[in-house]
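One structure is given below, encoded as structure tokens.
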Amino acid sequence: MHRWLLLACCLLILYWLLYYWYRFRSGKEISTVGRTKTVPAFGAQVKSLSFAFASCQRWDEGFYTAYKHMAQEELDLVFHLGDYIYENKIGPTGGVRNVSLPPVHNNQTVTLSQYRLRYSLHKTDPDLQAAHVNFPWVVSSDDHEVENNYADDISEYGVSLEDFLAQRAAVYQAFYENLPLRSTSIPNGPDMLLYRKLTYGNLAQFNVLDTRQYRDDQIKTITPTEETMDPNRTMLGQEQERWLLNNLGNSTVTWNVLAQQIIMAQADHDSGPNMIIGNDLWDGYAGARKRLFSEIKERKVKNLVVLTGDAHRNFAAELKENFDDPDSATIGTEFLGTSITSGKDGVDMDSLGMAWLAANPHMKFHNSQRGYVSCNLTNERWLTDFRVVPYVTKPGAPISTRASFVVENNRPGLQEA
Ligand SMILES: [Fe+2]
């Protein structure tokens, strides 16, 4: 009996030593105790890593049940790929949440106080809190933290340059105040350095990308044009692209990961002979993508895996040197993770999903429900589980794994698990 007690005590001490424990104090308020851990030492031999990635959590479109389930997983890390908040007005009943909200929320966010209020509203959610309490997070920003489909200093809504830069300064200040970021990301007026690298021992290198602040404006088109193919246009900006290629070229880890926002694989929306693209996605910057892929191929980057959000859908896809030729080289793998709530309940399959699967042979799976994606990495293989909930417009949904895929070390492409 005493031996068991001793063993239990040892395990408890080990558990406490595995993590850092922290809390915040402000005036008389003391926060819940949070738990976190640091990455292994540079070059350390790491046997495995488990992480989840999530995106798109429009507060008034659903309950954060997916986070409740995520918080119960054994994870080392959580990535958030953007759309942590949305800029839209939130009405007096809080959308599907059916609560009573004061009119101050019923404004599109523009000022610093509005953004601060918007983050604080999100952070009242107990399921989101649980996911923050249990794991360290690596966050990035997509468009809705600012406004839909903005490009660099160009507003989609026609806001003047001066006003838009003031808005961006407010956005980044509130973002930095509310989310865990390095001091290198302290905002400088309307600019914030968000692209950064995180190395996980000998196992993985994560390049967290910023696909908003440095991109050229979208081409107003729904079909590929000479302009979308123009190699002089940029998604990442020259400096970030050079930084990324340097990281990938010098990498000695097993898995080379891009944690980024928008769909990188070709996503033809038309199941027939025509091609319809999303001009905000990498397809709208196909010339820049081609340049990136050829540089990646030249550097012989192994085991490239791209993590993506924004689309409110799940897919698993192979990144092809030439998407129009299924026999061309596979440059890497892309896992698109669905939204936590944006788009409300969703369905397993819809017409766009069917069109994508029909028109894009490099896409191997599609699902349009809500949830998040869990990944487990070893030096031998990468395992991805698409975790989905059947509804978000009321609380209490169960979670299940809709599909699982494996990528094997040194074998580009997807294997069904
Ligand atoms: Fe979104």
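One-based numbering along the sequence shown. First listed ligand is number 1; within each ligand, the first listed atom is number 1.
Ring planes of W137 and Y84: perpendicular class, angle over 60° (limits at 30 and 60°).
Note on E73 versus R387: salt bridge recorded, some NZ/NE/NH1/NH2 to OD/OE distance being below 4.0 Å. Salt-bridge check for R215 with D210: failed, with every basic side-chain N at 4.0 Å or more from each acidic carboxylate O. Salt bridge annotation for E321-K297: present, with a cationic side-chain nitrogen under 4.0 angstrom from a carboxylate oxygen.
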Q: Check the pair V146 / F164 against side-chain contact (heavy atoms from CB on, under 4.5 Å), numbers first and verdict last.
A: CA-CA 9 Å; V146 184; F164 193 57; 3.7 Å; yes

Q: Could you please spell out the steps behind the side-chain contact (heavy atoms from CB on, under 4.5 Å) verdict for F293 and F323?
A: CA-CA 11 Å; F293 281 12; F323 286 103; 3.9 Å; yes

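Within the sub-2.8 Å shell of the Fe ion (ligand 1), the protein contributes these N/O/S atoms: C56 SG, D83 OD2, Y86 OH, H312 NE2.
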